Structures are given as structure tokens and as C-alpha cells.
Asks: 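Handing you a structure now.
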Amino acid sequence: MEVMVGAQRAKKKFTEMLIEDGIVTSSQLEKAKQTQFESGAKLVDVLEQLGYVSKETIAQYISDHYEIPKMKLSLDLIDPQVVKMVSPDMARNYRVIPIMIVANILTVAMADPLDLVAIDTLKIASGRSIEPVLCTEEEILEAIDYFFGKREKAIQVQEQWRDSGIEYVGSEGEKRDAQEADIEEAPIVRLLNIVLSQAVEEGASDIHIEPDEDAGRVRYRVDGVLHEANVLPRHVIGPLVSRIKVLSSLDISERRIPQDGRFFVRYQQRNLDLRVATLPTIYGESCVIRLLDQSKSAVHLDNLGLTEDQRRPILRALGRTTGLVLVTGPTGSGKTTTLCAMLNYVNSFERKIITLEDPVEYRIKLVNQVSINPVAGLTYAAGLRSILRNDPDIVLVGEIRDRESAMIAVQASLTGHLLLSTLHTTGTAETLMRLLDLGIEPFYAREVVELIVAQRLVRLLCDNCKKAYEPAAEVKPLLGNVDGGVSLHRAVGCTECRKTGYRGRIAVYEILPMTDGVRRILKPETTAPEVREQGRKEGMRTFWEAAVEKVLRGQTSLEEILKYIPNSLPAEAEPVRT
């Protein structure tokens, strides 16, 4: 009797809150209650039928105000063994379905998480504490039919749950220890398998697992943009991160300091190298997993979206036997992919190629790849000194980080080696300024630098839904000297691009060959704008000019390049609405 009174009090408070927060008016609520009394339907259904408020709005309101996680229910997330803890009648009567058990807490999907009677009944039936998550009634009923329908359906789900397609392998591709394969199929193990497989299917580059005050979130970075994949109960995040740390050979008892690790999986004949980074936050450990697909090491210059006039200086520089080729840009701009394509172009039995990377991201046949190990004393500077004693023809240094590694790279270029490397700078001209800041004399910079490739990544418009339009007159100056009418394209959004309007990414390049004119003006007092202006006089296209070309071709949108290439805007132009 006390439980019923508590439930009624919770319901009354909820309806009062709906009025106070302006979700519905008092007259609308009275009308809905009258209709509910006559029809016997649920109040939420009546409010939607009368057109006062949608179920989605009510659900989001409950999630926000009662701190109940709201998630999209997937059959893959439900443990078939846990489902058996409730009877079919109980599940259908209360519109609930158990999902998983972690630390003696039963997570249950509920259409009405404010139903205290249902929660108490589940607690008595299962003998465990109940953690409700909010799902739609349609999703729950579908799951109930799936698990409590014909027997063969339940068996089919269990088989699907048991084999998510993720296979854990060692560093050389061999299967992990047999004991690992025999680990009890705990919900957290299966949950991680699903998170990984979904991330690969969506083409994610990173997985973010983050604890929050009242929930946990799993987000995927796809095409450079984060989007929420699922909301999980907060108590699940800790065990999930611990499982990842076990696979990465990290210390699961240490939660106060950041840790880095890696593990390997095979999914649908694709070998994936997963880089793990944990970080202690005020709500617990967060974890980021970077997915590196080893099959992408076969990338070639032809696949980078280079125009013919951009390819020529790159091939000319790669055809030399000495000199320094630099690829620059911020983190995540595709520098490693470009370097990998360059190595594939010069790779042959006649050349000795050695790389020094932190870490080795893609494996390339015939190439001697060395991974940095600062703990053991193998730094970029120390490794580069050793590499030069191993008779290389071509050397790749993952990054020039300091004066010491910069000086050794210059000396290697001067002594008959072609050296490829990266710098974190904003453009080609700024790269030369950065070398001078690192203590490289202008004379040496003029002698060794052969080519600088700066790059950014922008998203490609979805071919299935992009829409052509004629830009406003005030926008046309941003496009340069275009004759007559011009047609641009904007993002729309469809099911194929997850409603984003974009699908995939392409690089925008600014390429500066070290011509005699650029070498002549390079002095200690030279500025980046002076170098860029000289480069433009000799045919270099700036970031903005190269990006506009892709906009005019319909590959990307003006909004996209305004977002990702802000530093290349013409000085006289200001961002405008299109």
C-alpha cells in the first residue's frame, strides 16, 4: 500500500512539473486526464494523441529532470541470460526488459522509469538493485517479442550475442592465449565487443568512453566529428574501462594517473591496432581508443585527391637522393597517411628505408620501422643517430620535436639522405619560420629543404543528398575570380550520411617547393607572409585557393572550409552566411 502511495505521489509531482516548466498547460492536462479516464490509455499516449506534446519530448524531459539515462535499445546489448530473470508476463505488463548485470546491479530498460511499482517488483523478482534506463515502448516491445517469442528466436540471439565478429589477437596477428578465449562471457566483455564492432562499421577513427555525473557516454569520432553512440548507466563505465585496461596490459589498480597502451583485434578480415589512453576525471576514468586499420597502409599518392599540378612537385622531391621533405599540419590532419603514401611511392628492393615513429601506425613491407621508446632511452635524437649508421637511402622521422632532432635531420639531409618528417605548424611558410625558431641557420634551411606540404582535412558532401544552390552576391568574393554564374552545394542530410550531409573526408593541400626565389629571400628577418607571397608569385596555391577549388567542384561546402580553414581567408574577406 505504501508503495502505491509513493508511486502516485511521484506521478503527481511529475504532472505538476510539466505544467510549471511549460511543457503542457493546466487545461491541456485536465483534458488529457479526462480522456485517459474514458479510454484507459496511458497519460503520455493521450498527450501525444491530442497533439499537446510528443513522447520523445516527455522522454527527454524525464531523462533530464530525473537523471535517468536515455538510450537507443539494441538487441545486441541485451544479455539473453539476464532476460530470464523476469517472466514474459511481467515484462509485457510493465513494459520492461533486463539488459545486463554489473556489480550486482541489474540494468533494466523501461518505457516508464517513474513506475515505482514496476521497479520494486523487479527488485523482488531479481534480488538485485535496479538501475533503470529510458527506452521507447516500441523498442522494448520488440525486444520482448524477440526474446519471449518462439524458442528458436531466443537461440538465434544468443548465437549473435556470442559472436560479435571481434577476435582479439596478439601483436603479430596470432590469437591470444587460450585462457583469454575461455573468459566467462560477462556482460562487460560482450558490451566492449559491440562497442568496437559498431565503431568499425561506422568508420570511426576514435572511441570516447566517458563517465559523467549521472550517466556514462560512448561517442564515436566519424569524419572528424564526435557524435553520441549510446548513453550507459554510470556504474557500467568503470568495469568497461577496466576491461580495456586488461586487454592493453595496463595497471587496473591505478586510477589516479593517465596511462597509455594498445591491443589488437581482427574484425571481418581486417587487422586493427587499437591505441588506448586513459585519463582520471572527477567522475572516474575516461578512455579514448584510436582505431588504426592496418589495411590502410596500402594508400598511394593517387588516392589522396591531389591535382596534377600538386603531384608534380611532390614527385620531383621524392625523386631526389638528398634533401628534407616536410609534411605539416595539426593533429589529426592526415599527415601520417600522406607520409605513408610517399613511402609506398619510393619503396623498392633497391632502396634501404628506415623509419622512426611514435608509435608505428601502419606497417609497410620492405621498410625497417622502429618505434620510439623513451623509457629505454630510444628518443628521436638517439634513434636518428643510430639509423644513420645503418646505411639508409631514405629516412622517415615521425616528428621533428626539438632543436636536437632538427639539427640531426638537417645533417642527415646534408650527408646524402632523403629525409621525410612532420612538423606541427599552420602552413608552409610558417614551417620555415619554425625551423629558424628551432635554431636552424637560414643557410642550412635553404640548402636542405626541398618541399613543404601543409594539409587540412575537410568533409566530403554526401552525393546522395547534397543540394545545389546559387550563392548570394556577397559570398562570391570569397570564391575568387569566377566568371558568370556559379553553383555551389550545401549539406542536407539523409540516412546514408547519418543526417549529417557529409560522408568521408578529403585533404586540402598547400604545397611550397623550395624554389630559387624562396631560397633567396629566406633570412633571419624574413616573415611568413613574405615567404607565402613569394610562393604565390611562383605558382603556389594557398590553402584557401585549393579549398575553394574543391567547393566549386561540388566536393565540399563553403561552410565546411570556413570552419576548418579559417587562417587562409583572404585578408579583405570576412566570413558570411551562405
Side-chain angles (χ1 to χ4, degrees), residues 297-329 334-357 362 364-369 384 387-388 390-400 406 408-423 427-429 431-432 435 440 443-455 507-520 522 531 534-541 546:
S297 62
V299 66
H300 298 283
L301 290 174
D302 295 338
N303 309 130
L304 298 182
L306 294 162
T307 61
E308 188 56 37
D309 63 327
Q310 290 174 329
R311 280 172 53 87
R312 279 195 296 268
I314 293 178
L315 298 184
R316 191 181 307 120
L318 294 178
R320 297 183 62 87
T321 58
T322 63
L324 183 60
V325 175
L326 294 172
V327 180
T328 74
K335 299 187 298 296
T336 301
T337 301
T338 299
L339 284 175
C340 186
M342 290 180 176
L343 282 187
N344 282 325
Y345 177 80
V346 299
N347 194 13
S348 70
F349 285 102
E350 291 78 27
R351 292 188 176 99
K352 171 88 168 187
I353 302 176
I354 305 178
T355 73
L356 194 61
E357 305 171 66
Y362 302 116
I364 306 174
K365 292 183 178 179
L366 296 180
V367 176
N368 297 268
Q369 296 176 272
L384 193 48
I387 283 176
L388 297 180
N390 280 266
D391 189 30
D393 296 297
I394 299 173
V395 177
L396 183 146
V397 178
E399 182 184 350
I400 294 177
I408 298 174
V410 168
Q411 291 168 6
S413 303
L414 287 170
T415 55
H417 303 90
L418 179 63
L419 193 140
L420 314 179
S421 190
T422 70
L423 272 174
T428 53
T431 300
L432 289 174
L435 287 176
I440 304 301
F443 168 78
Y444 289 116
R446 290 194 296 265
E447 286 294 312
V448 302
V449 177
E450 291 293 333
L451 181 75
I452 302 173
V453 178
Q455 64 183 82
V508 176
Y509 294 98
E510 182 179 273
I511 299 177
L512 176 66
M514 283 295 287
T515 61
D516 291 339
V518 174
R519 288 189 170 98
R520 188 168 51 251
L522 189 58
V531 173
Q534 181 63 36
R536 293 190 68 189
K537 289 179 181 178
E538 301 189 33
M540 183 192 81
R541 284 185 300 166

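Throughout, numbering of the chain's residues begins at 1 and tracks the sequence. Note: hydrogens, waters and symmetry copies are ignored here, and every other heavy atom, side chains too, is used. From a predicted model like this one, the values you see are computed outputs, not experimental measurements.
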Asks: Considering all heavy atoms of both residues, which atom of Val395 and which atom of Leu384 are nearest to each other, and what is their separation?
Replies: CG1-CD1, 3.9 Å
Asks: Is Leu326 close to Leu435 at the side-chain level, that is, under 4.5 Å between some pair of heavy atoms?
Replies: yes
Asks: If you take all heavy atoms of Met514 and Ala445, which pair is closest and at what distance?
Replies: CE-O, 4.1 Å
Asks: Evaluate the side-chain proximity of Ile354 to Lys352: yes if any heavy-atom separation is below 4.5 Å, no if none is.
Replies: yes
Asks: Could you tell me whether the side chain of Thr422 reaches within less than 4.5 Å of the side chain of Ile400, counting heavy atoms only?
Replies: no
Asks: Quick one: closest heavy-atom pair of Ala341 and His300, and the distance?
Replies: CB-C, 3.7 Å
Asks: Is there a side-chain contact between Glu510 and Met540, using heavy atoms and a 4.5 Å cut-off?
Replies: yes
Asks: How close do Leu432 and Leu512 get, heavy atom to heavy atom, and via which atoms?
Replies: CD1-CD2, 4.3 Å
Asks: Would you say the side chain of Val453 lies within less than 4.5 Å of the side chain of Thr328, judging by non-hydrogen atoms?
Replies: no
Asks: Check whether any side-chain heavy atom of Tyr509 lies under 4.5 Å from a side-chain heavy atom of Leu304, and answer yes or no.
Replies: yes
Asks: To the closest 0.5 Å, what do you measure between NZ (Lys365) and CG (Asn344)?
Replies: 11.5 Å
Asks: Taking the side chain as everything from C-beta on, heavy atoms only, tell me whether Ile511 gets closer than 4.5 Å to Thr428.
Replies: no
Asks: Look up atom CG in Leu339 and atom CD1 in Ile364, then write down how far apart they are to the nearest 0.5 Å.
Replies: 9.5 Å
Asks: Can you list the steps and then say if Asp302 with Arg311 is a side chain to side chain contact (heavy atoms under 4.5 Å, CB included)?
Replies: CA-CA 9 Å; Asp302 295 338; Arg311 280 172 53 87; 2.6 Å; yes
Asks: Can you tell me how far the NZ atom of Lys335 sits from the CD atom of Gln455, to the nearest 0.5 Å?
Replies: 7.5 Å
Asks: In chain order, what residues pass the side-chain contact (heavy atoms from CB on, under 4.5 Å) check against Glu357, with sequence neighbours excluded?
Replies: Thr355, Val360, Gln369, Leu396
Asks: Please assess Leu301 against Leu318 for the test side chain to side chain contact (heavy atoms under 4.5 Å, CB included), listing each intermediate value before the final yes or no.
Replies: CA-CA 12 Å; Leu301 290 174; Leu318 294 178; 4.2 Å; yes
Asks: How far does CG of Leu315 sit from CZ of Arg320, to the nearest 0.5 angstrom?
Replies: 14.0 Å
Asks: Determine all donor-acceptor pairs shorter than 3.5 Å in which one atom belongs to a side chain in residues 411-419; sequence neighbours excluded.
Replies:
{"unit_1": "Ser413", "atom_1": "OG", "unit_2": "Gly323", "atom_2": "O", "d": "3.4"}
{"unit_1": "Ser413", "atom_1": "OG", "unit_2": "Ala409", "atom_2": "O", "d": "3.0"}
{"unit_1": "Thr415", "atom_1": "OG1", "unit_2": "Gln411", "atom_2": "O", "d": "3.0"}
{"unit_1": "Thr415", "atom_1": "OG1", "unit_2": "Ala412", "atom_2": "O", "d": "3.2"}
{"unit_1": "Thr415", "atom_1": "OG1", "unit_2": "His417", "atom_2": "ND1", "d": "3.4"}
{"unit_1": "His417", "atom_1": "ND1", "unit_2": "Ala412", "atom_2": "O", "d": "3.0"}

Asks: Donor-acceptor pair, Arg446 side chain versus Val518 backbone, under 3.5 Å?
Replies: no
Asks: Walk me through whether Val325 and Met342 qualify under side chain to side chain contact (heavy atoms under 4.5 Å, CB included).
Replies: CA-CA 10 Å; Val325 175; Met342 290 180 176; 4.3 Å; yes
Asks: Mind listing the closest non-hydrogen atom pair of Thr337 and Val299 along with its distance?
Replies: O-CG1, 3.7 Å
Asks: Quick one: do Glu399 and Leu423 satisfy side chain to side chain contact (heavy atoms under 4.5 Å, CB included)? Show the steps, please.
Replies: CA-CA 6 Å; Glu399 182 184 350; Leu423 272 174; 5.9 Å; no
Asks: Do you know which two heavy atoms are closest between Glu538 and Gln534, and how far apart they sit?
Replies: OE2-NE2, 2.6 Å
Asks: Atom OG1 of Thr322 and atom CD of Glu447: how far apart are they, to the nearest 0.5 Å?
Replies: 9.5 Å
Asks: Does any part of the side chain of Asp393, heavy atoms only, come nearer than 4.5 Å to the side chain of Thr321, both counted from C-beta?
Replies: no
